[in-house]
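In the text below, chain A, chain B and the rest are named by the order of the sequence lines, each starting its count at 1.
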2 protein chains.
Amino acid sequence: MMGQLDKELLQELLNVSDKELTPKQTQIVQAAIEIFSEKGFAAASTSEIAKRAGVAEGTIFRHYKTKKELLISIVLPVISNFAVPFLAEQFLNEIFEGEEFEEMDQFLRKVIYNRYEFFRKNTALLKILLQEMFYHSEIQDTFKQIYMEKIAPKYRNAMKRLLTKEQFESIPTETIFRLTISTILGYLLARFIIVPDYDWDDEREIEYTIQFIQNGIKGLK
Amino acid sequence: MMGQLDKELLQELLNVSDKELTPKQTQIVQAAIEIFSEKGFAAASTSEIAKRAGVAEGTIFRHYKTKKELLISIVLPVISNFAVPFLAEQFLNEIFEGEEFEEMDQFLRKVIYNRYEFFRKNTALLKILLQEMFYHSEIQDTFKQIYMEKIAPKYRNAMKRLLTKEQFESIPTETIFRLTISTILGYLLARFIIVPDYDWDDEREIEYTIQFIQNGIKGLK
DNA sequence: AATGTAAGTGAGTAATCACTCATTTTACAA
DNA sequence: TTGTAAAATGAGTGATTACTCACTTACATT
């Protein structure tokens, strides 16, 4: 189960604001991720987390004031990583270094394969995020802030390059963003969270998904 | 809050297998829908449900053996109604009575406007379904059964009419279904559950969504 | 080796949980 | 009006919950 967890993201989780975690604290975070993901936050008990972590229940509350604080410390960093294609300068630069021709194709392919790996490595964390975002305002607020400050402006810049002038001026980028993200997330959620046991032909599905988005956007007027 | 609930669906909920519900039982179901939707199943307490329903806590367990049985009795009928455009013969017949030209456009428009109303009237029920499907195998099993027995074959029939022969034979209908449903659900979930307070221009969004899907599919090869 | 500080422990606590059941209330046919 | 079965009640149950705290252990520094 934990073999699936992205080691880099875990590392980041475990070093919130330069603070080193003790070995037992690491065990607590790992156990919490597993159990929150399996049963949901509300149905997960601190006694079960302590048991799976191989730790006394009191140890959890040495490091986290409440069960909710433990959840938040796990989930908030995931949001930033979720949006990383729009945060990292380098990521978009690499796309625009290629030939002008078929830039949208490159953009989509790069984003989808990158986020595919992210979902594959962090399925448990993303399931927790997906579930709990509806019930915790801290998560919603962080999401909105990152969308407004980081994602939306960067995405708008990317679309200015990738769309025709008429399209960029007449169609709201929010709408194009919604259509694109729905299609990509629809694939990744189906692939890793809703029906992971289906016999997926990933390469084929991703190619169809890229074609679908590209032609879908191209035809908008 | 309950004013939003689809009266027909509620009626169906309240008459599971010809069984009439007592007035207090109706109040229990209504309160449970509200509270499950607000806090999630696991975080909802039977005492709070009883309080909001204006009923003694024991009354809940006169009608439902367990809290979970109450949830299941509420959620399972929603799945059938969720899939209704693909179940009702009449629905598809009306679409195919029109001109051959632009049949796909009619199909998408009819499905989207129909499901838009369904989401608008049953937001609370759909939020419960969305949340709890990941944790209760009864819900997952019912979903899979309805998809395999009802939705998939009917959708395949519809696509046989709406796609070119080459497309229908070369592209898996499951993939086309996934791409179409992702886009439609992406819109409806954003519209009613994720950011319902956004200032939505529904007619414009729906038109773009139809264009996007139609051109997206048309370009698949 | 001695000392100080941080980490870890686990029994204990009050609150809340889903659920039970003996009893009362209600609805309606006779 | 009376009899009766179904519906409703709410105090009570044991189990579980998140969280506390007095105490022990581990470990780095001198």
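Here the two rings, on B/Phe192 and B/Tyr116, have centers that are under 6.0 Å apart. Side-chain rings of A/Phe212 and A/Tyr187 stay apart, their centers remaining 6.0 Å or farther from each other.
Panel note: side chain B/Thr183, backbone B/Leu179; a donor-acceptor pair is recorded below 3.5 Å. The backbone N or O of A/Lys110 lies less than 3.5 Å from no partner atom in the side chain of A/Asn114, so there is not a single donor-acceptor pair.
For B/Thr59, there are no side chain to side chain donor-acceptor pair (under 3.5 Å) partners, not counting sequence neighbours. For A/Gln131, there are no side chain to side chain donor-acceptor pair (under 3.5 Å) partners, not counting sequence neighbours.
In this structure, B/Thr22 reaches the sugar-phosphate backbone alone: every heavy-atom distance under 4.0 Å involves primed, P, OP1 or OP2 atoms, never a base.
Scanning DNA chain D 5' to 3' for nucleotides with an atom closer than 4.0 angstrom to a non-hydrogen atom of chain A gives a first and last hit of D/dT17 to D/dA22.
A tilted orientation is assigned to the rings of B/Phe107 and B/Tyr155, their planes being inclined by 30° to 60°.
Following rounding to the nearest Å, A/Gln25 (CD) and C/dT9 (C1') show an atom-to-atom distance of 16 Å.
None of B/Glu138, B/Glu132, B/Gln140 except one satisfies the side-chain hydrogen bond (donor to acceptor under 3.5 Å, both in side chains) rule with B/His136; the exception is B/Glu132.
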Report, one pair per line, the protein and nucleotides 24-26 of chain C atoms (nitrogen or oxygen only) whose separation is under 3.5 Å.
none

Output one line per pair: protein atom, nucleotide atom from nucleotides 17-20 of chain C, and distance, for all N/O pairs under 3.5 Å.
| from | atom 1 | to | atom 2 | distance (Å) |
| --- | --- | --- | --- | --- |
| C/dA18 | OP1 | B/Ala44 | O | 3.1 |
| C/dA18 | OP1 | B/Lys67 | NZ | 3.1 |
| C/dA18 | OP2 | B/Thr46 | N | 2.9 |
| C/dA18 | OP2 | B/Thr46 | OG1 | 2.9 |
| C/dC19 | OP2 | B/Lys67 | N | 2.6 |

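Scanning residues 128-142 of chain B for heavy-atom distances under 4.0 Å to DNA chain D yields an empty list.
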